[in-house]
Structure formats: structure tokens, C-alpha cells
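Count residues from 1 along the sequence.
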Amino acid sequence: MFFFGYKYISDTLALSLTILPHIPPFSSVNSGDRKSFTMDVRRRPVKPLYPSEHISSGEPLKPHNQDSSVKASDALPLPLYLTNGLFFTMFFSVMYFLLLRWREKIRNGIPLHVLNFSELVAMVSLIASVIYLLGFFGIGFVQSFVSKGNNDSWDVEDESPEQFIDRTVTPPPVRRNIPMKSVPVAEKTAQIITPFSSEDDEVVIKSVVEGRIPSYSLESKLGDCKRAALIRKEALQRSSGKSLEGLPLDGFDYESILGQCCEMPIGYIQIPVGIAGPLLLNGKEFSVPMATTEGCLVASTNRGCKAIYVSGGATSVLFRDAMTRAPVVRFGSAKRAAELKFFVEDPINFETLSVVFNKSSRFARLQNIQCAIAGKNLYMRFSCSTGDAMGMNMVSKGVQNVLDYLQNEYPDMDIIGISGNYCSDKKPAAVNWIEGRGKSVVCEAIIKEDVVKKVLKTEVATLVELNMLKNLTGSAMAGALGGFNAHASNIVSAVYLATGQDPAQNIESSHCITMMEAVNDGKDLHISVTMPSIEVGTVGGGTQLASQSACLNLLGVKGANREAPGSNARLLATIVAGSVLAGELSLMSAISAGQLVKSHMKYNRSCKDVTK
């Protein structure tokens with residue numbers, strides 16, 4: 001071992017002294033060569049990527065002037081893998097031995113430079129293994145560069161492709177099992193480095209189809225979100241046997257949705273965005289973006305906006321702003337559950353719980369806790385303001401803080417779930433209809449008699465009667481829960497899609513009661529919509545995507561309001577209510593005038609000949 005270590009040290013030093021004068025300064029290497037220089041540092045020599053005349057003649061491919069050069073693997077007359085294993089083992093074993101010896105010396109006060117025979121042997125072995133490893137990983141690339149040209153020439157532009165391949169010892173490695181195409185020799189040099197070649201994609205696609213690479217891990221493995229979506233889409237087409245030709249892939253920033261909006265994307269859906277307005281609300285004009293595929297919806301809402309505008313505009317008031325989350329906990333008895341209910345609802349304890357809750361965010365502020373008991377189970381409905389965010393994650397973090405605090409006070413409390421459906425999220429629920437969730441808004445307008453006749457093509461008395469029999473009596477007969485309106489969810493969904501809101505929250509956000517009444521001696525129409533649970537935000541989630549962000553910017557509510565946190569989200573909620581008011585007014589007028597079917601036949605049916 002000492003002999004081979006000494007031999008390798010001397011050979012390595014001799015090689016370094018021989019080749020160093022021939023290496024140009026790193027700064028003098030052009031950008032293309034510098035990249036190759038850097039990459040070769042991390043590569044060990046591999047078999048040539050393409051066959052050459054040497055391979056066809058049976059001779060191994062060797063660099064020029066390197067027949068007698070020393071390689072790192074020449075340290076021992078053993079196969080390469082055995083030599084590597086031996087020196088790796090020696091390195092770690094010797095390091096472990098020396099660390100143990102040094103620890104003993106430090107404890108006993110013995111100077112570290114005083115060495116016995118075993119330590120001297122270990123030091124020599126350590127130096128030999130280190131030099132081997134450095135030579136194996138660091139000197140191989142120098143040899144390839146020295147053999148790259150004669151007379152210190154680094155310019156290969158004057159060489160033919162055959163000569164370049166003939167002199168190249170270590171072309172970049174390729175992953176195994178990649179099918180290699182037979183191409184002319186002149187094209188080989190241009191394909192040596194193809195990090196995103198079609199061959200690579202084909203291998204990955206086959207691996208996904210065969211289940212060797214999970215589809216969900218493509219982004220992390222490839223480091224390219226768009227390429228991951230392309231490969232995932234193609235793999236899905238092959239495995240399902242169904243074409244996805246109409247699903248676009250280009251023209252979308254897949255990096256923007258990574259980790260926040262959508263997992264395992266294969267493209268994006270095209271939904272047209274229309275503009276209704278201007279909507280005159282609280283003295284300001286708004287052009288309302290609506291993303292929908294339902295013909296006549298934008299046109300109808302636009303007509304309602306016109307009727308409101310020429311009548312002097314609408315007025316809206318936001319009277320509640322609180323997102324909710326309701327965990328469910330269980331005790332050994334109903335008595336213990338009631339004790340926690342009294343504890344939570346005590347104003348003195350509420351102050352302490354507020355401090356614990358508010359630590360979760362700069363904007364989260366606990367407003368109240370409403371409790372309900374079901375046997376041994378206790379449901380605690382936390383309500384808090386959340387700034388310009390919709391706030392589900394924010395309130396959940398605050399609730400978790402409070403639960404951790406209560407666990408110390410009530411060790412027998414069993415936390416069943418942070419959400420017990422008493423919130424209630426994405427489900428029609430009376431608690432939202434009565435208590436509200438998110439933003440609670442009422443919006444009203446007085447429509448002049450002449451506007452009702454000329455713009456809406458109907459009569460005030462007819463509208464009032466229809467509203468009573470349809471939106472109030474008819475909905476009651478159907479057992480509606482928060483559905484005392486004509487089509488509030490139509491407008492809410494369209495605005496939500498355009499502005500990046502959670503479309504599933506359309507369920508409770510569309511809770512609405514539409515009221516109509518004849519005023520001013522029966523000449524004019526007073527119309528109002530009351531919506532107790534509009535759940536919107538201007539930061540987070542889909543609001544950060546480019547298209548949705550542009551729509552928010554159109555409304556003047558993009559991002560967070562630094563001067564008055566929460567004001568952008570509150571303004572967006574009032575715009576949603578105002579848009580619903582316009583939609584309700586126009587649809588009810590169309591029904592009362594008998595124009596519903598006619599207008600839908602005109603605007604909601606394709607004129608294309610589907611037989612062709």
C-alpha cells in the first residue's frame with residue numbers, strides 16, 4: 001500500500017508539472033469552452049457517444065499524445081471499481097481512526113503533532129487516498145484538455161467534425177436506454193450536448209407511462225415546469241388513448257402556479273372574458289370583467305349596468321367582514337364540553353384567546369367565537385378579519401394556535417379536526433345565511449320609471465309581482481337555502497373566475513335575497529340584493545396569476561392596500577354585489593317581458609352548421 005501510494009503521489013506530481021505550462025488562463029477561454037471546461041470537472045471519462053473510425057476498426061479511442069500519460073486509476077493494478085472502492089474505504093477508515101486519536105490527545109493534553117508509528121501510517125494513507133480522489137475527479141479533465149490540440153491551440157473551428165470526434169476523449173454522458181438515432185457525422189458535433197432533446201423527452205414519457213417515474217414528481221426532477229407539463233400531457237394521451245389536441249400548452253407561465261394554484265398541470269382552459277359596465281357604484285365607475293361561456297350573460301348584466309347608470313347609480317354598504325373556521329373537539333362527557341364552551345365565551349378569557357390567535361398573522365384579528373354543543377362534542381366557530389386575503393389559511397393558523405393553548409388548559413380535550421363543517425366552507429349552510437361569512441354586503445338602487453320602460457322593456461308593477469312570486473314564494477316552495485334570487489351565482493361565478501377567486505366558494509357567496517318594491521307613488525322601482533357571505537380576496541391564490549391580476553387591476557383592487565389593509569378586498573365584495581344587482585334587474589325584466597327565450601335563442605346559440 002505504501003509503495004502504491006508513493007508511486008501515485010510521484011506520478012501525479014510529475015503529471016501536474018508536465019501539463020500545467022500547457023493550460024491557458026481560465027479567463028482566456030471563450031464562453032463555449034468555459035462551459036465545457038466547467039462541466040468536464042464533474043465528469044469521469046465515458047465511452048464515446050458516436051462511433052468513429054477507431055471504433056469501427058476495433059481500436060479503443062485514445063487522445064493524441066496520451067499513450068504514456070498517467071491516469072488516476074493507474075495507482076493500483078486492479079480494475080477501476082476495485083481501486084475506487086479501496087481508496088474510498090481507506091479514506092473514511094483512516095479519517096475515523098485519526099479523529100478518535102485526536103480526541104484522546106486533546107483529553108489527555110498530548111500535542112497533536114506528536115505522532116506514533118500507527119498515526120504516521122494513517123497520515124500517509126490519508127494523503128495517498130486524498131490525492132487519488134482528487135486525481136480521479138479533478139485531473140482527468142486536464143488530460144482531456146491537454147490532448148485537445150497541439151501547440152497550445154484551443155480553437156477547433158478549422159477542424160472537420162471527423163477530426164474533432166477523433167480527438168475527443170470524454171464527450172458528455174447521456175442517460176442510459178436513450179434510443180440513439182443514426183445521423184451523418186457532420187451533425188454529431190451539434191448534438192453532443194442536448195439537455196432537452198426529443199430523445200430525452202421520449203425516455204421520460206415512457207418512464208411515466210410505465211409507472212417508473214411518478215407524474216407528480218416531473219417538476220422537481222426536470223426543473224422545468226413547462227417541459228414537465230408537456231411530458232405529462234403526452235404520457236396521459238398515450239396511457240388513455242384519448243387525444244388532448246384542443247388543450248393548449250403554450251402561452252402560459254407554469255412556474256407561477258407551482259406550489260400554489262394547480263398540481264400536475266397538462267395545459268390550461270380558455271375561458272373568454274367579457275366586460276359589463278360601466279357600473280356606477282357609490283359614485284365610482286367600474287368596468288366589471290366576467291369570465292364565462294354562457295352566451296347572453298355578459299350582455300344581460302351590461303344592460304342592467306346601463307339601467308342603474310342612467311338612474312343615478314347604486315349604493316352598497318359592507319356591514320360585516322369576518323372569515324370563519326370551526327374546529328370540532330371531543331371530551332369524555334358533555335359536561336366537560338359545556339365547561340369549555342363557558343370558558344371560551346367568557347369575555348375575560350376571550351381577551352387571552354385573542355392574543356394567542358392574533359400571533360398567527362399581522363392582519364388576522366379575532367372578532368368572536370360562537371360555540372355549539374352536540375353531546376360530548378363542541379364546535380367552536382372562530383370569526384376574524386383577514387385583511388386583503390380571502391383568509392382561509394390565515395384563520396386556520398390562528399385556530400391552530402388557540403387549540404394548542406386550550407390543550408394545555410384542557411388536557412382531556414381530543415381534537416377531532418380543525419374543520420368541523422360548522423364554518424361552513426363550500427357548502428350551502430344556514431349558519432352562513434344567518435351569521436354571514438366573509439364579507440356581508442347590501443346593495444340597492446332606484447330605477448326610474450322611464451328607464452324601466454325604455455331600457456328594460458317592462459313595467460314596475462310587473463317586476464314587483466314577479467319578484468314576489470318567483471324569488472320569494474317560489475324559492476320558499478322549493479325549500480331554498482339562501483337562494484331567494486334569480487341567478488346571483490351566474491354573476492358571482494363569472495367575476496370569481498375572472499379575478500382569481502376560489503370558484504367553489506361560489507356556493508355560499510351566491511347566498512342572496514333580491515327585493516323589489518314600487519316607490520315614489522308606484523312610479524319608480526327600488527331593488528336591492530343582500531348577500532351575507534361574499535368570500536373574496538385580492539392577494540394569494542389565483543389572484544397572483546397574470547390574467548386574473550390584470551382583471552383585478554382593471555377594477556383598481558390589485559394586490560394589498562398598504563394604506564388601509566383590507567380595503568381592496570372589501571371594495572371587490574361591493575363590486576360583486578353591484579354586479580349581481582345589475583344581473584338580477586336585467587334577467588327579471590327579460591322574464592317579465594317574455595324576452596328570455598328570444599334573447600337566449602339570439603345570443604346563446606351557435607349559428608354554425610354542426611353537421612359539417
(message) Looking at S256 and D253, would you say the former's side chain and the latter's main chain have a donor-acceptor pair under 3.5 Å?
(response) yes
Quiz: residues 303-315 side-chain donor-acceptor pairs under 3.5 angstrom, not counting sequence neighbours:
{"unit_1": "R303", "atom_1": "NE", "unit_2": "S586", "atom_2": "OG", "d": "3.1"}
{"unit_1": "R303", "atom_1": "NH2", "unit_2": "S586", "atom_2": "O", "d": "3.0"}
{"unit_1": "R303", "atom_1": "NH2", "unit_2": "S586", "atom_2": "OG", "d": "3.4"}
{"unit_1": "Y309", "atom_1": "OH", "unit_2": "E285", "atom_2": "OE2", "d": "2.7"}
{"unit_1": "S311", "atom_1": "OG", "unit_2": "A307", "atom_2": "O", "d": "2.8"}
{"unit_1": "S311", "atom_1": "OG", "unit_2": "K448", "atom_2": "N", "d": "3.3"}

(message) Taking L297's backbone N and O only, do any of them form a donor-acceptor pair with S300's side chain (distance below 3.5 Å, no angle check)?
(response) no
(message) For the OH atom on Y216, are there more than 12 heavy atoms of other groups (residues, nucleotides or ligands in this structure) within a distance under 6.0 Å?
(response) no
(request) Determine yes or no for a side-chain-to-main-chain donor-acceptor pair under 3.5 angstrom, with Q501 supplying the side chain and T499 the backbone. (result) yes
(message) Determine whether V288 and V576 satisfy the following criterion, side-chain contact (heavy atoms from CB on, under 4.5 Å), listing intermediate values before the conclusion.
(response) CA-CA 9 Å; V288 183; V576 171; over 6 Å; no
(request) Check V273 against C551 and note the closest heavy-atom contact, atom names and distance. (result) CG1-SG, 4.4 Å
(message) Tell me whether the rings of F357 and F382 are parallel (<30°), tilted (30 to 60°) or perpendicular (>60°).
(response) parallel
(request) Taking all non-hydrogen atoms of both residues into account, name the closest pair between L481 and A430 and its distance. (result) CD2-N, 3.7 Å
Sequence neighbours left out, cut at 3.5 Å: what donor-acceptor pairs do the side chains of residues 391-403 make with other protein atoms?
{"unit_1": "S396", "atom_1": "OG", "unit_2": "R325", "atom_2": "NE", "d": "3.2"}
{"unit_1": "S396", "atom_1": "OG", "unit_2": "M392", "atom_2": "O", "d": "2.8"}
{"unit_1": "Q400", "atom_1": "NE2", "unit_2": "D404", "atom_2": "OD1", "d": "3.1"}

(message) Is it true that R320 and S440 share a donor-acceptor pair across their side chains at a distance under 3.5 Å?
(response) yes
(request) Start with the C-alpha gap between I369 and R381, add the side-chain angles, then the distance that decides, and say whether side-chain contact (heavy atoms from CB on, under 4.5 Å) holds. (result) CA-CA 5 Å; I369 306 175; R381 192 171 188 259; over 6 Å; no
(request) Verify whether one side chain among T458 and S592 offers a donor that lies under 3.5 Å from an acceptor in the other. (result) yes
(request) Check whether any side-chain N or O of E517 sits under 3.5 Å from a backbone N or O of L525 as a donor-acceptor pair, and report yes or no. (result) no
(request) Could you tell me whether E263 atom CD has more than 12 heavy atoms of other residues or ligands within 6.0 Å of it? (result) no
(request) Please check if the side chain of N421 supplies one atom and the backbone of S424 the other of a donor-acceptor pair under 3.5 Å. (result) no
(request) Work out which heavy atom in G537 is nearest to a heavy atom in T543; give both atom names and the distance. (result) O-CG2, 3.5 Å
(request) Could you list the residues that satisfy salt bridge (charged side-chain N to carboxylate O under 4.0 Å, His left out) with E435, not counting sequence neighbours? (result) none
(request) Could you go through the side-chain contact (heavy atoms from CB on, under 4.5 Å) check for D524 and V460 one step at a time? (result) CA-CA 7 Å; D524 302 331; V460 172; 5.9 Å; no
(message) Do the side chains of K439 and E535 get close enough for a salt bridge, i.e. N-O under 4.0 angstrom?
(response) no
(request) Mind checking the CG-OG spacing from N561 to S567? Nearest 0.5 Å is all I need. (result) 3.0 Å
(request) Using the six-membered ring wherever Trp is involved, compare the ring planes of H511 and W433 and label them parallel, tilted or perpendicular (cut-offs 30° and 60°). (result) perpendicular
(request) Say whether S215 and R232, considering side chains only, have a donor N or O and an acceptor N or O under 3.5 Å apart. (result) yes
(request) Considering only NZ, NE, NH1 and NH2 on the basic side and carboxylate oxygens on the acidic side, decide whether E219 and K226 come within less than 4.0 Å. (result) no
(message) For a quick test of reading the model, state the closest non-hydrogen atom pair linking Y422 to V431 and the distance between them.
(response) O-CG1, 4.0 Å
(message) Can you confirm whether K359 is buried at NZ, in the sense that more than 12 heavy atoms of other residues, nucleotides or ligands lie under 6.0 Å from that atom?
(response) no
(message) Between Y268 and Y254 (judged by ring centroids, cut-off 6.0 Å), do the two rings come close enough to count as a pair?
(response) no
(request) Using the salt bridge (Lys or Arg N to Asp or Glu O under 4.0 Å) rule, take R437 and D425 through it: C-alpha gap first, then chi angles, then the decisive distance, then the call. (result) CA-CA 9 Å; R437 188 171 195 256; D425 186 42; 3.0 Å; yes
(message) Could you report the tightest heavy-atom contact between A582 and T301, atom names first, then the distance?
(response) CB-O, 3.7 Å
(request) Using atom types as modelled and distance alone, determine if a side-chain donor or acceptor of N471 lies under 3.5 Å from a backbone N or O of I513. (result) no
(message) Between L406 and L353, is the side-chain contact (heavy atoms from CB on, under 4.5 Å) condition met? List the steps.
(response) CA-CA 9 Å; L406 293 176; L353 297 179; 4.0 Å; yes
(request) Give a yes or no on whether the backbone of Q544 and the side-chain of Q548 come within a donor-acceptor separation of less than 3.5 Å. (result) no
(message) Whether the S510 and N506 side chains hold a donor-acceptor pair (N or O, under 3.5 Å, no angle test) is what I'd like checked.
(response) yes
(request) Calculate, to the nearest 0.5 Å, the distance between atoms CE and OG belonging to M323 and S385 respectively. (result) 11.5 Å
(message) As an exercise, state the distance from OG of S528 to CG of L581, rounded to the nearest 0.5 Å.
(response) 8.0 Å
(request) Give a yes or no on whether the backbone of Q595 and the side-chain of K457 come within a donor-acceptor separation of less than 3.5 Å. (result) no
(message) Does either side chain, that of N282 or that of S316, offer a donor lying less than 3.5 Å from an acceptor on the other one?
(response) yes
(message) Do the side chains of K426 and E508 get close enough for a salt bridge, i.e. N-O under 4.0 angstrom?
(response) no
(request) Supply the atom-to-atom distance L554 CG to L552 CG, rounded to the nearest 0.5 angstrom. (result) 9.5 Å
(message) I'd like to know if the side chain of N302 reaches the main chain of G277, judged simply by a donor and an acceptor atom lying under 3.5 Å from each other, with no hydrogens or angles considered.
(response) yes
(message) Please give me the minimum heavy-atom distance between A577 and I534, naming the atom from each residue.
(response) CB-CD1, 4.2 Å
(message) Could you measure the distance from the CD1 atom of I373 to the CG atom of N377? Nearest 0.5 Å is fine.
(response) 10.0 Å
(request) Without swapping roles, check the side chain of N467 against the backbone of T514 for a donor-acceptor pair under 3.5 Å. (result) yes
(message) Are there over 12 heavy-atom neighbours, none belonging to R330, within less than 6.0 Å of that residue's CZ?
(response) no
